[in-house]
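To start, the structure itself, in structure tokens.
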Amino acid sequence: MDIIIGIIFISIIGTLLHFMYEWSGHNKIVSLFAAVNESTWEHIKIALTPTFIWTLYDGAIYGMNKNYFIAKTSSILVIIILIPLLFYAYQLITKKPILIVDIIFYLAIIISNLTFSYIINIEPLHFFYSYISVVVLFIIFGFYMVLTLLPIKNFLFKDPITKRYGIRGHSHHEHKE
């Protein structure tokens with residue numbers, strides 16, 4: 001049941017975060033957590049934000065499980081890998097975005113939570129994997145906090161509408177420059 005609640009929570013909060021930057025009047029603090037443009041990175045970020053929040057819940061429930069950090073890090077990596085992989089794969093085939101296929105966001109959340117559930121329920125893995133998972137988790141969180149303000153100049157961070165990056169990729173910046 002926790003997995004279903006987690007999927008619903010992450011999906012609803014992630015969907016709301018798609019609009020939150022606009023609703024906040026373009027608040028820079030909100031930009032760290034909500035989508036600021038239509039780039040692939042910003043869609044990854046709005047799945048990661050509620051996943052990190054959900055960690056407060058699942059950490060309290062499963063935190064003593066020896067596989068917890070492996071499960072959490074793996075589930076987050078699923079989001080980071082699946083969203084761009086599926087998005088660009090279907091665009092290679094269709095040559096254009098199709099609304100029905102944009103369920104990739106929700107599919108990534110479901111698979112992420114299934115991954116977490118699977119790993120949390122297997123035999124305990126070696127401590128070394130937990131240690132590596134914690135290090136990777138901190139690296140991911142650090143990049144998560146920085147990449148909207150200092151986006152890498154590549155296709156993952158480029159807004160397909162404005163052809164710009166990060167906060168400057170948001171359409172309201174076009175009129176100010």
Do [X] and [Y] come close enough that some side-chain heavy atom pair is under 4.5 Å?
X: Asn37; Y: Ile161; value: no
X: Met145; Y: Lys45; value: no
X: Tyr88; Y: Phe155; value: yes
X: Phe116; Y: Val78; value: no
X: Tyr165; Y: Asp159; value: no
X: Thr15; Y: His18; value: no
X: Asn67; Y: Ile122; value: yes
X: Leu137; Y: Phe141; value: no

Say whether [X] and [Y] are linked into one hydrophobic cluster, either directly or through other cluster members, by side-chain heavy-atom distances under 4.5 angstrom.
X: Ile4; Y: Ile119; value: yes
X: Phe138; Y: Phe128; value: yes
X: Ile83; Y: Ile93; value: no
X: Phe69; Y: Met64; value: no

Check [X] against [Y] and note the closest heavy-atom contact, atom names and distance.
X: Thr73; Y: Ser133; value: OG1-O, 2.9 Å
X: Ile44; Y: Ile79; value: O-CG2, 4.2 Å
X: Ser112; Y: Ser75; value: OG-O, 2.8 Å
X: Ser31; Y: Leu149; value: OG-CD2, 4.2 Å
X: Lys158; Y: Lys163; value: CE-O, 3.6 Å

Rounded distance [0.5 Å steps], [atom1] in [X] versus [atom2] in [Y]:
X: Ile10; Y: Phe105; atom1: CD1; atom2: CZ; result: 9.0 Å
X: Ile111; Y: Leu82; atom1: CD1; atom2: CG; result: 5.0 Å
X: Ile46; Y: Met20; atom1: CD1; atom2: CE; result: 10.5 Å
X: Ile104; Y: Leu86; atom1: CD1; atom2: CG; result: 5.0 Å
X: Leu32; Y: Thr49; atom1: CG; atom2: OG1; result: 9.0 Å
X: Thr115; Y: Ile120; atom1: OG1; atom2: CD1; result: 12.0 Å

Spell out, as yes or no, whether a donor-acceptor pair under 3.5 Å connects the side chain of [X] to the backbone of [Y].
X: Ser117; Y: Asn113; result: no
X: Glu38; Y: Pro160; result: no
X: His26; Y: Glu22; result: no

For Phe157 and Thr40, what are the C-alpha separation, side-chain angles and deciding distance, and is it a side-chain contact (heavy atoms from CB on, under 4.5 Å)? CA-CA 6 Å; Phe157 298 87; Thr40 305; over 6 Å; no
Candidate pair Ser74 and Tyr118, rule side-chain hydrogen bond (donor to acceptor under 3.5 Å, both in side chains), full reasoning: CA-CA 10 Å; Ser74 297; Tyr118 174 77; over 6 Å; no
Please tabulate, for side-chain N and O atoms in residues 52-61, each donor-acceptor pair with protein atoms closer than 3.5 Å (sequence neighbours left out).
from, atom 1, to, atom 2, distance (Å)
Thr55, OG1, Thr51, O, 2.9
Thr55, OG1, Phe52, O, 3.4
Thr55, OG1, Lys72, NZ, 3.4
Tyr57, OH, Asp2, OD1, 2.8
Asp58, OD1, Tyr68, OH, 2.5
Asp58, OD2, Lys72, NZ, 2.7

Among Val146, Leu147, Ile152, which residue meets the side chain to side chain contact (heavy atoms under 4.5 Å, CB included) test with Leu150? Val146
Angle class for the Phe127/Tyr131 ring planes (parallel below 30°, perpendicular above 60°, tilted otherwise)? tilted
